Amino acid sequence: MDNELIHLGIIMDGNGRWAKAKGLPRTAGHLEGLKALKKVIRGAIEEDIKYLTVYCFSTENWKRPQEEVKYLMALFTNKIYGEIRTFNDLGVCVRLLGSRNGLPEKALEALDRTVEETKNNDKITLQLAINYGGYDEITRSVNSLIRDGYKEVTAELIRSRFDNPDIPAVDFIIRSAGEQRLSNFLLFDSGYSEFGFYDRLWPDWDEEMIHTVKQDYLKRTRKFGGLV
Ligand code: IPE
Ligand code: IPE
Ligand code: MG
């Protein structure tokens, strides 16, 4: 079977540890993490990956110190839109994944503007998972079906009410910084995805790491419950 890597999901972890090791505040790790993301997007385009979903902020990350949450919200408000030229030069179409509930108005405005101004790019789709949680994704979908009068659901119906049902399920979920867990990322669509765990801290990632990731994926055999 053809093992095409169409959709890569990344749990970008280790920003805090990277900063700590350098004697810097955790926020410096987040800023460097954004630089790493730009390199990774380039690597993904080089590898002809069509969808890249990156976990930027989980529904559980609100538990972090207020100062860190504020810094991350400011990153989403200012820095992402600040990359609009890069996105347009590279052909990156930005989409949002996650709950709008609780996100500052200013961040939503900037993110919506980024989505709007990149919507015609077709080299790669970058799905930003912000205020995203797998439990929340499934619950929101089921509640919307209940509101529409459904008494029974199917897996297809549940998926059809996700934020971006047109985006195919993730093929390969990878995580940086050595942790081996999902942390509520893509719970539903990870049903049959492959997993890869890498020790390197997120701010140290670059194009080269994505070439390695692609090679690792190509070694996998996907059976989806069947036989090959
Ligand atoms: C990932 O890095 C970024 C976010 C969760 C926003 P962390 O901030 O979790 O870094 P560590 O795990 O503390 O090193
Ligand atoms: C997962 O990382 C969330 C993001 C990468 C945005 P965390 O660092 O928040 O996850 P846990 O708490 O270690 O599971
Ligand atoms: Mg972490």
Side-chain angles (χ1 to χ4, degrees), residues 7-41 44 51-83 94-104 106-108 110-111 114 126-139 162-164 167 170 172-190 193 195-206 209-210 213:
H7 184 172
L8 176 68
I10 310 185
I11 303 171
M12 307 182 292
D13 200 14
N15 294 354
R17 275 163 280 179
W18 181 91
K20 192 174 176 202
K22 294 200 151 35
L24 297 169
R26 291 179 55 85
T27 49
H30 296 314
L31 189 60
E32 201 62 24
L34 187 64
K35 292 187 195 156
L37 176 59
K38 286 204 285 180
K39 296 179 196 162
V40 161
I41 293 169
Y51 300 91
L52 181 65
T53 299
V54 290
Y55 208 3
C56 304
F57 192 88
S58 75
T59 47
E60 286 71 38
N61 285 147
W62 298 106
K63 294 178 195 161
R64 293 194 178 194
Q66 215 188 336
E67 185 195 67
E68 184 172 344
V69 170
K70 231 175 118 182
Y71 185 87
L72 287 165
M73 292 304 143
L75 266 190
F76 304 145
T77 309
N78 306 316
K79 296 281 180 210
I80 295 195
Y81 185 74
E83 295 301 337
V94 177
R95 306 271 299 265
L96 299 177
L97 173 65
S99 175
R100 299 176 70 86
N101 239 333
L103 286 175
K106 270 189 173 165
L108 285 172
L111 292 167
T114 312
L126 175 70
Q127 203 176 206
L128 299 174
I130 297 177
N131 198 18
Y132 172 84
Y135 301 137
D136 174 69
E137 176 175 55
I138 296 165
T139 317
F162 285 173
D163 293 331
N164 299 314
I167 295 184
V170 63
F172 196 21
I173 293 180
I174 59 169
R175 184 166 185 152
S176 59
E179 311 294 338
Q180 301 192 5
R181 58 178 171 274
L182 265 184
S183 301
N184 206 10
F185 187 52
L186 305 181
L187 285 192
F188 192 92
D189 273 356
S190 60
S193 61
F195 290 93
F197 301 101
Y198 298 86
D199 287 335
R200 191 181 292 202
L201 303 176
W202 179 252
D204 292 328
W205 278 56
D206 55 14
M209 273 306 284
I210 299 304
V213 163

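Just follow the structure's listing: the first ligand is 1, and inside any ligand the first atom is 1. Everything numeric in this text was worked out from a predicted model, so none of it was measured.
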* **Tally of protein N, O or S atoms, where distance to the Mg ion (ligand 3) is under 2.8 Å** =>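 My tally for this metal is 1.
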
* Shortest non-hydrogen contact between Arg26 and Gly16, atoms and distance -> NH1-CA, 3.5 Å

* To do: For Asn131 and Asn101, work out which heavy atoms get closest and say how close.
  =>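 Looking at all heavy atoms of both residues, the closest pair is ND2-O, 2.8 Å.
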
* To do: Tell me, please, which residues at least two apart from Thr53 pass side chain to side chain donor-acceptor pair (under 3.5 Å).
  =>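 Once residues adjacent in sequence are excluded, the partners of Thr53 under the side chain to side chain donor-acceptor pair (under 3.5 Å) criterion are His7, Gln127.
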
* Hey, is Glu179 close enough to Arg17 for a salt bridge, meaning N to O under 4.0 Å? -> yes

* Asked: Are any of the side-chain nitrogens in Glu67 or Lys70 under 4.0 Å away from the carboxylate oxygens of its partner?
  -> no

* Asked: For residues Asp136 and Thr139, is any side-chain donor paired with an opposing acceptor at under 3.5 Å?
  ->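 No, because no side-chain N or O of Asp136 sits under 3.5 Å from a partner of the opposite role on Thr139.
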
Counting distance only, does the side-chain N/O of [X] pair as donor-acceptor with the main-chain N or O of [Y] below 3.5 Å?
X: Tyr71; Y: His30; result: no
X: Trp202; Y: Ala177; result: no
X: Ser176; Y: Asp13; result: yes

* List for me each residue that meets ring-ring contact (aromatic ring centres under 6.0 Å, His included) alongside Phe162, sequence neighbours excluded, and say none if there are none. =>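 Here the qualifying residues are Phe188.
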
* To do: Could you list the atoms of ligand 2 found under 4.0 angstrom from a heavy atom of Arg181?
  => 11 (P), 13 (O), 14 (O)

Show the short N or O contacts, below 3.5 Å, that ligand 1 makes with protein N or O atoms; if there are none, say 'none'.
unit_1   : atom_1 : unit_2 : atom_2 : d
ligand 1 : 2 (O)  : Gly14  : N      : 3.4
ligand 1 : 2 (O)  : Asn15  : N      : 3.2
ligand 1 : 8 (O)  : Arg26  : NH2    : 2.8
ligand 1 : 8 (O)  : Arg64  : NH1    : 2.7
ligand 1 : 9 (O)  : Asp13  : OD1    : 3.0
ligand 1 : 9 (O)  : Arg64  : NH2    : 2.9
ligand 1 : 10 (O) : Gly14  : N      : 3.4
ligand 1 : 10 (O) : Asn15  : N      : 3.1
ligand 1 : 10 (O) : Gly16  : N      : 2.9
ligand 1 : 12 (O) : Asp13  : OD1    : 2.9
ligand 1 : 12 (O) : Arg17  : NH2    : 2.8
ligand 1 : 13 (O) : Arg26  : NH1    : 3.0
ligand 1 : 13 (O) : Arg26  : NH2    : 3.1
ligand 1 : 14 (O) : Gly16  : N      : 3.4
ligand 1 : 14 (O) : Arg17  : N      : 2.8
ligand 1 : 14 (O) : Arg17  : NE     : 2.7

